[in-house]
Amino acid sequence: MLVCGDDGLAHRLAAELRGVYGEQVTLVVPPSGLRVREPVVGRARAASAALIDRFVNATVNRAGTGGGLDEPPDEQLVEAAEPTDAVLTEAGVARAAALALVYDDDETNIHAALNARRINPRIRLVLRLYNRRLGRHVEDLLDQAAELSGGDAQGPGHHGGDASTTVLSDADTAAPALVATALVGTSKIVDTDGLMLRAVERRPPRPGEVADPGLCTLALLSATSNDPAGSDGSEDSGDQGPQMLPDAAAVAAATGRGTMVLEQVSYSGPPLPAVRAGVPPFASLFSQRLRWSLAGLATAVVVLAVVLALVTDDHPLHAVYVTLLDLFAINEPAHNQSMGRQILQLLTGLVGLLLLPVMLAAVLEALGTFRTVSALRKPPRGLSRHVVLLGLGKIGTRVLTRLRELHIPVVCVEADPEARGMATARRLGVPVVLGDVTQEGVLEAAKIHRADAFLALTSADTTNLEAVLYARAVRADLRAVLRLYDDEFATAVYRTLRAAHPDAVTRSRSVSHLAAPAFAGAMMGRQILGAIPVERRVLLFAALTVGGHPQLEGKTVGEAFRAGAWRVLALDTAATRPAPGAGGNGTGPGPGNAVGPGTGAAAGGTAAAGEPSGPSGPSGPSGLVWDLPDTYVLRNEDRVVLGATRRGLAELLGRRGRERSVG
């Protein structure tokens, strides 16, 4: 595996490939003096930079000397200012199975990807691009180049790989984890195109209780997982260590052990009403006081019309017409009519005088509303159980979009009126409070005291930390998530806030830490949807076509299940065409994306004669059917989502991997 980058994401990605997947990695980074980092804020960032430098130097020494290890070095380091042809050739791009280009500059990544595809048409490419529209065009271009160059052919050293191209954004890949952390307090999630799943650790059920298995039981936790002294599990678990993908008998026999189950992330709070861009709701055109005034005048007109009909024995509709003429002073004076008619005409004229200023106020308010319709909305008065989002930069914009896709009410806080996400907030009709969050009253205007969660996602660590501390002072039990660049600093902040507020959920997250698993999964192949850590081991989620896998072909879901190795979790019924290639090497969904329509084989419909009927479990938004019956027969054209250990997935894909615990 070849990783090229100039910031913390490259190092985190290399560590993910080594620690989770057991791959050998070559890391290409600029020399220490030329390395591009995120803006340094405070001494924590400086300490982080020094820590990364020490890590790189230690890696160089280990890779060069072996450090007395019995196995070959897992990482080699190449220092170069830019990923030129010579640098890529020296790093071994011609022999690499996959190449990740995670520079902060989109142009650098595209240029290097074009050169790498020319040198090795069979290599799998993973690019970091923020511009999603450009990314789609680049992905199609590189895939077409690989196809014309015969890149689908496999050669020596390519473990069943495909010459696919996957374009990812660290903002896009980190957003689902940040959203899940704000909603349910965990980042152990797999995002499948609108269906967000989480892995939940549950304590052992009490005697007489029946534990809810969720969508499925992923693992039995170690016997020490409920002991505070052994909360990390496998260090002191011995024979009672975590058991991955257990069968029903093992779950029933494992008394006194916690479990990890798969659940769907849901939100029970009230959603904000949908607001169409450019068309304000009718209630927002006029103030409440003006609406009451108009209602009072309308009532007075109706009363006058009724009295006029009674006094003059006129038809009700004609009485209304005459009353309106008197109201606007365009009727003839009632000189020769009865006293009652004359009094009613005077009263109607008086109401007409009162109507003039009210109508003028209504016109002015309506004009003002339409004039500011493109401006930002203010938080509604009765808003509660919402999410307060601080920062509308690159990360905040993606998180905002994801929250609104889930119909979750959001109030944004931003100091810069020209921030990247302001246009997105206007388009989505999301309330925004403009102001410095460090100033008193800004968070109160966002109704932080009635919010369910607070996300601090600015690029400044000190601002995020100060905002969370202030929010804690306003509401001690608020669920808070803050973005911090340095992992050690984030850990220290998390522990301190957890100790100071034990009843509240606090999470500190690094974007590179959240994005690295998706990039690593893309380097392993488009089949990988995500990875969830289980104590010190890892469980992978993959999507593949049944055809070409003798362990799955023609077998029922129950027969295809191998405890401790893999388990079929879902079936894609929305797929409408076969995936290209064989052996699961088709171009399926990228990490963090669902098995969407058109990416797999037709799986729905009526079963063949003599076969059990098709699945009838709950279906996700992309046609994913969960809770498959054990009697369903897997056909070659079916595309399934399965959970597997690294060793089990390597066996299915014809790869050889090394099982290793996650540190």
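In what follows, every heavy atom counts, from backbone to side chain, and hydrogens, waters and symmetry copies are set aside.
No side-chain heavy atom of Leu392 sits less than 4.5 Å from a side-chain heavy atom of Thr424. The shortest side-chain heavy-atom distance between Asp170 and Lys394 falls under the 4.5 Å cut-off. Arg398 is listed as a side-chain neighbour of Tyr130, based on a closest heavy-atom distance under 4.5 Å. When side chains are defined from C-beta on, Ser512 does not count as touching Asp7, because their heavy atoms never get closer than 4.5 Å. Taking the side chain as every heavy atom from C-beta outward, Val641 and Asp572 never approach each other to under 4.5 Å. Looking at Leu9 and Arg128, their side chains come closer than 4.5 Å, going by heavy atoms from C-beta outward. Residues Arg341 and Leu308 are in side-chain contact: their nearest non-hydrogen atoms beyond the backbone lie under 4.5 Å apart. By the 4.5 Å heavy-atom criterion applied to side chains, Val474 and Leu443 are not counted as neighbours.
A donor-acceptor contact shorter than 3.5 Å is absent between the side chain of Asp106 and the backbone of Leu129.
Here the shortest heavy-atom pairing between Gly393 and Thr397 reads O-OG1, 2.6 Å. Residue Val167 comes nearest to Gly135 through the heavy atom pair CG2-O, 3.4 Å, listed as atom of the first residue, atom of the second, then distance. Residues Ile110 and Leu127 come closest through the heavy atom pair CA-CD2, 4.3 Å. Smallest separation of non-hydrogen atoms from Pro379 and Ala446: CG-CA, 4.5 Å. Across all their heavy atoms, Asp452 and Arg475 have their closest contact at N-NH1, 4.3 Å.
Classification of Glu139 and Arg136 as a salt-bridged pair fails, no side-chain N sitting under 4.0 Å from a carboxylate O.
Heavy atoms from other residues, nucleotides or ligands lying under 6.0 Å from CG of Asp477 number more than 12.
Remark: the Glu444 side chain and the Tyr470 side chain contain an N/O donor-acceptor pair separated by less than 3.5 Å.
With values rounded to the nearest 0.5 angstrom, Thr463 atom OG1 is found 12.5 Å from Leu457 atom CG. Separation of atoms CD (Gln345) and CG (Asp326) is listed at 4.5 Å; rounding is to 0.5 Å. For the atom pair OG1 of Thr299 and CG of Leu304, the computed distance is 11.0 Å after rounding to the nearest 0.5 Å. Note that CG of Leu571 is 11.5 Å distant from CZ of Arg639, once rounded to the nearest 0.5 Å. Expressed to the nearest 0.5 Å, how far CD1 of Ile395 lies from OG of Ser169 amounts to 6.5 Å. Distance check, rounded to the nearest 0.5 Å: CG of Leu325 to CD1 of Ile330 gives 4.5 Å.
Relative to the six-membered ring of Phe454, Arg472 misses at least one condition, a distance below 6.0 Å or an angle of at most 45° to the axis.
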